[in-house]
Each structure stands twice: as structure tokens, then as C-alpha cells.
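Heads up, the thing below is written out as C-alpha cells.
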Amino acid sequence: MNNEHLMTSLLLPPMSQEVHRNKRKTFAIISHPDAGKTTLTEKFLLFGGAIQTAGAVKNNKISKTAASDFMEIEKQRGISVATSVMSFEYQEQLINLLDTPGHKDFAEDTYRTLTAVDSVVLVIDCVKGVEPQTKALMEVCRMRDTPVIIFINKMDLEGRDPFELLDELEETLNIRVRPLSWPIGIGSTFKGVYNLFAKGLNLFKANKTQIADELIKVKDINDPVIQQQVGDELANELRSDIELVEGVYDEFNREEYAAGKLAPVFFGSALNSFGVNELLDAFVQMAPRPKGRPADVRFVEPNEPKFTGFIFKIHANIDPRHRDRIAFLRICSGVFHKNKFYHHVRLKKEFKYNNPYTFMARDKNVIDEAFPGDVIGLYDTGNFKIGDTLTEGEELQFKGIPSFSPELFREVINKDPMKTKQLEKGLAQLTEEGVAQLFTKQPGSIKIIGTVGELQFEVIQYRLKNEYGASCEFRGLPYHMACWITTDNPAQLKDFLRIKANDVAIDKDGNYVYLAPSSWMLKSAQESYPDLDFHKTSEFKTDV
Ligand code: G4P
């Protein structure tokens with residue numbers, strides 16, 4: 001189906017809202033940088049018919065070498081808006097693939113995008129196994145029990161023993177795993193995989209641009225076809241591996257996957273287009289449909305007739321000639337219509353959108369309507385901040401878009417006191433866009449910026465100057481992490497705030513945050529104030 005047809009079919013009304021919703025699967029591919037996320041994304045799009053040539057996504061990737069040149073990165077980010085959401089049809093399902101920036105400095109962007117998906121595919125490099133960013137991303141998935149499918153990539157390289165990799169996944173990611181395919185050989189001896197899900201043999205053929213998977217059906221693991229195809233030695237090895245797999249791991253249970261407790265595992269090589277179809281087929285069969293979302297006053301079900309949605313990402317155009325921003329809205333329930341007034345809950349105002357758009361493949365298209373699970377781009381002139389909710393009038397605010405503890409903290413020094421107002425306005429707006437977090441410390445209303453990467457400081461400085469005419473410098477602060485404090489013991493909190501006044505600040509929503517100078521200081525604070533709870537995020541009760 002070409003894009004035009006796909007668009008038309010999405011716009012035509014004969015399908016009920018329920019049918020539209022049931023057709024959709026909204027997910028993200030996540031990985032530690034270099035594990036193969038971009039390559040796998042590209043292969044999904046290629047096989048989904050959304051792009052015609054490999055390389056289209058890759059060219060939009062923020063290049064690793066551009067780390068010190070943020071203008072270059074912003075340029076690339078500008079391009080990457082086009083790939084923020086990539087929709088394509090596969091086996092009569094409408095797949096919404098939300099792109100997440102691979103660059104570590106944009107990790108918070110990725111965390112927020114994870115609030116808008118219903119499941120994820122996690123890519124692991126078979127040579128490196130679990131890496132730091134894998135853990136951080138999985139922690140975010142575990143907060144809302146997002147279902148995870150794991151793809152162990154680069155099986156054409158001399159990787160680690162698959163059993164050892166699976167053990168590491170379970171131990172470090174706090175999730176149970178269940179292999180649904182199994183590699184035959186590895187690296188130079190890699191012959192393919194035995195597919196436990198579809199019962200068949202998928203032989204490895206390296207092919208960078210076309211679908212390489214071709215399933216040879218087998219009766220079971222003792223089928224002589226296996227020897228004929230891979231030889232006696234590897235066939236015997238495979239049999240004993242599968243025996244072990246069946247003995248060690250429980251049967252795959254879809255409910256447990258859907259509940260985010262059990263991750264099915266597939267093996268392959270994204271670069272060689274191998275195991276990708278197998279993964280995509282399993283994904284369309286098992287990945288959840290658009291799910292409901294908790295709001296402050298109640299839980300919102302996706303099949304409710306009235307429209308609701310929330311903003312999870314704002315992309316600003318840093319070109320001063322085009323000051324527009326694009327706010328990304330995830331639709332949670334009902335149907336979103338172009339040109340209809342919706343209630344902006346925080347501002348208590350009604351707004352309508354003349355040209356909301358969606359991305360079919362690489363084309364930006366203005367849409368007339370969108371359904372639960374869809375993500376649309378809205379042109380914004382400064383009315384949105386991350387987490388904002390739109391409804392048909394109900395006073396309801398979606399939850400679950402927390403702030404995460406930054407890793408770098410710097411005090412903002414105003415270099416032009418005549419422009420104090422501009423500086424404050426600029427800082428507030430950039431914070432609302434999610435560029436960085438702003439904390440205020442007393443006495444003196446000291447402004448502290450927290451980020452996950454160096455790059456954001458450059459971005460802030462540049463944008464303050466260009467968009468608001470304000471100048472600032474940053475002074476490094478020796479903080480280790482920000483911990484949001486909750487307690488049922490006000491007396492203990494009061495005492496803590498007095499004793500630690502130097503290291504306590506207020507976040508954008510007025511919450512108390514302990515800026516811990518070191519993990520040792522944090523531990524000691526936890527011991528001295530046992531009734532205080534310290535959390536790594538502003539919303540979930542994730543203890544540190
Ligand atoms: P990322 O988005 O997770 O950061 O990873 P990306 O897809 O960019 O892949 C990182 C590197 O790993 C790339 O090589 C890519 O070609 C390679 N790669 C991906 N899948 C496989 C695979 O199955 N087998 C092998 N052997 N390599 C794989 P690069 O040299 O960094 O980039 P490029 O010059 O190939 O673009």
C-alpha cells in the first residue's frame with residue numbers, strides 16, 4: 001500500500017474508532033549508542049515499505065563526531081524532526097515508531113518519549129552485552145511496566161555466549177527473559193537461528209538491503225532437515241542448547257510480556273537484515289494495542305468516546321526567522337479532529353489547530369483526524385509545556401511525565417543585569433520545552449540548571465542570546481544528583497531543610513529537591529533522616 005492510499009484509508013470514516021485503535025501499535029526502539037538502533041529502525045521501515053533505500057534514517061542520525069558542535073547537532077535535530085514519528089503499515093497494522101535520539105546528551109528526551117509508547121524493542125550488542133544506557137533506559141521502562149522485546153544484534157560478530165548474555169540481562173535489567181529464537185553458531189560460524197516461536201530454521205544470508213529471512217519449517221528440534229542444513233556438529237549443539245533452554249526457561253507467557261514482567265528475546269543481525277522480519281512478525285503479533293493512561297483524577301481508557309491527549313516533546317526551531325515550535329501530542333482516547341476547539345487544561349483555555357500533522361513514512365501530512373496511539377505534531381507559539389493535557393473540556397491532567405535527576409549542575413550567572421527579565425523568561429521557556437531543568441535555591445533565588453549532557457549548556461547560552469537577548473555564564477556546582485523528597489513526617493522535613501539549606505532547591509513545580517553532593521552524602525542523609533524518602537524522579541516513587 002503506498003502512502004497516499006494509506007493516508008486516505010486513515011482519513012476515511014467507515015472504520016469505527018475501535019477498529020482504528022485496534023490497528024495501531026505505538027513503540028520505540030531503544031539501545032545504548034552503537035548497539036544498532038538506527039540500523040534496526042531503518043530495516044523496519046524498509047520492510048514496512050516506508051522507505052525505499054537503506055541509508056535514509058542513518059543520514060539523519062546525530063553524528064558522534066559532532067558532539068562539540070551543537071549548531072551542527074541542532075541542524076541535524078532539525079532534520080530529525082521529520083523522523084520523530086515514523087508510521088508505516090505492516091500486516092494490516094498501523095505501526096507508529098517513535099524515534100529516540102541516540103545521543104547521550106539527549107537522554108531525557110528519550111525518557112520522555114518512552115511515556116508516549118505502549119511497548120519497546122531493546123537492542124543489545126552481542127559483543128558488549130548490557131551497557132550503561134541500556135540500564136538507564138530499562139529503568140524508565142520498568143517504572144510503568146512497559147512491555148519489552150529484546151533483540152540481540154550483531155550475531156555475525158564474535159559475541160558472547162548466549163546463555164551468559166541472557167543471565168546478564170536478567171541480573172542487570174530486573175526482568176525475566178525467554179528466548180524465542182536461538183543462534184546456531186556465532187560470529188564466523190553463525191549459521192542462523194532456530195525460531196522457537198514460529199518453529200522453523202532461519203538460515204543466515206548476509207544482505208544489507210533486502211529481507212534476508214526465509215523460514216524453513218521444521219516439525220520439531222529433531223527434524224533431520226536441521227542436520228541437512230547446518231551439519232551434524234551444529235545440529236547436535238543446537239539440540240542440547242534447546243534442551244537447556246526448555247529446561248531453564250518457563251514457557252513464553254504473553255500476559256507476562258504484556259505486564260512488562262517477561263521479555264521475549266530474538267537474535268539476529270540488523271546490518272545484514274537478518275532476524276528482522278522474524279522480529280517484526282513477532283512484534284505485530286504480540287505487542288500491545290494503545291493502552292490507557294493514568295490521569296490525576298481518574299484512569300483514561302483508550303476506547304472512551306471523548307478525545308484526550310498529552311504533550312510529551314517540544315521541538316523548537318532555533319532559526320530566529322522561524323520561531324515556531326512543534327509540540328508532539330500523543331492521543332490517549334477519542335478522536336482528534338482538525339479545526340475543532342480543545343481544552344488546554346493548564347491554561348484553562350480553548351485552542352484549535354488548523355494544520356496538525358502526522359508522518360507517513362518520511363512525508364509530513366496534514367491530517368483531519370487521529371486516533372488513540374497516534375502521535376501528531378502541533379504548531380505552537382509558546383502555549384505548551386511538556387506534560388500539558390488537551391481534552392474536550394474535562395479538567396484532567398495526565399500523569400507519568402516525570403523529571404529525571406540530571407547529572408550536571410551549574411549556577412546561572414547573569415552577565416547583563418539590564419536583561420534580567422529576559423533571562424528569567426528565557427530560562428522558564430527553555431525549561432518548559434524540556435531543554436534542561438531549572439532549580440531555584442535560597443537565599444538569593446540562585447538559578448541552577450541541571451542537564452544530562454554538556455551540550456545543553458551551550459544550547460541554552462546560545463538560545464538565551466539569540467532568542468531573548470540575554471547573556472549568561474555558568475559556574476560549575478559539585479552536585480552528584482537531584483533527589484525529590486517526600487515524607488509523612490513534616491517535623492523531620494523541616495529539620496532537614498534547615499540543616500541542609502545549602503543543598504536544597506525547589507524544582508519548576510515547587511517540589512523540594514535535595515542536591516546531593518555525593519552518593520556518600522546522600523546515604524548519610526538517608527540514615528540521619530529515616531522518615532524522608534529520596535526519589536530519582538519527580539513523579540514515580542523510585543527510591544535511590
Ligand atoms: P545506534 O543507532 O544504536 O547508535 O547504532 P547504529 O545502528 O548506528 O550502529 C552502530 C554501528 O554498528 C554501525 O557501524 C552499524 O553499521 C553497526 N551494526 C549495526 N548492526 C550490525 C550488525 O548486525 N552487525 C555488525 N557487524 N555491525 C552492525 P559504524 O561503523 O559505526 O557505522 P557505519 O559506518 O556502518 O554507518
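Hydrogens, waters and symmetry mates play no part in the numbers below; they use all other heavy atoms, side chains included. Ligands are counted one by one from 1 in listed order, and the atoms in each one are counted from 1 as well.
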Distance under 4.0 Å to a non-hydrogen atom of Leu157: what atoms of ligand 1 satisfy this? 26 (N)
Does a side-chain N-to-carboxylate-O contact under 4.0 Å join Lys508 and Glu432? no
Describe, in one word, how the ring planes of Phe274 and Phe204 are oriented to each other, choosing from parallel (under 30°), tilted (30 to 60°) and perpendicular (over 60°). perpendicular
Based purely on interatomic distance, does Gly36 place a nitrogen or oxygen under 3.5 Å from a nitrogen or oxygen of ligand 1? yes
Inter- and intrachain pairs under side-chain hydrogen bond (donor to acceptor under 3.5 Å, both in side chains), touching residues 185-196, at least two apart: Glu158-Ser188, Asn195-Glu278
Give the atom numbers and elements of ligand 1 that come within less than 4.0 Å of a heavy atom of Ser269. 22 (C), 23 (O), 24 (N)
Per-atom contacts, ligand 1 versus Ala270 - under 4.0 Å to a heavy atom: 23 (O)
Any atoms of ligand 1 less than 4.0 Å from a non-hydrogen atom of Leu271? List them with their elements. 16 (O), 20 (N), 21 (C), 22 (C), 23 (O), 24 (N), 25 (C), 27 (N), 28 (C)
Where ligand 1 meets Ser31 - atom numbers and elements under 4.0 angstrom, heavy-atom basis: 3 (O)
What is the ring orientation for Phe267 with Trp182, classed by angle as parallel under 30°, tilted 30 to 60°, or perpendicular over 60°? perpendicular
Mode of Asn153 contact toward ligand 1 - side chain, backbone, both, neither (heavy atoms, under 4.0 Å): side chain
Ligand 1 atoms nearer than 4.0 angstrom to some heavy atom of His32 are 3 (O)
For residues 224-238, please give each side-chain donor-acceptor pair under 3.5 Å, one per line with the distance, not counting sequence neighbours.
residue, atom, partner, partner atom, Å
Gln227, OE1, Arg239, NH1, 3.3
Gln227, OE1, Arg239, NH2, 2.7
Asn236, ND2, Asp232, O, 3.4

Within 45° cone of Phe457 ring axis and under 6.0 Å: Arg410 NZ or CZ: yes
Cationic N near anionic O, under 4.0 Å, Glu256 to Arg178: no
Once you restrict to heavy atoms under 4.0 Å, what part of Asp34 touches ligand 1? Side chain, backbone, both or neither. both
When you check the side-chain N and O atoms of Glu108 and Gln437, is any donor under 3.5 Å from an acceptor? yes
Any atoms of ligand 1 less than 4.0 Å from a non-hydrogen atom of Pro33? List them with their elements. 4 (O)
Thr39 heavy atoms, cut-off 4.0 Å: which ligand 1 atoms fall inside? 6 (P), 7 (O), 9 (O), 15 (C), 19 (C)
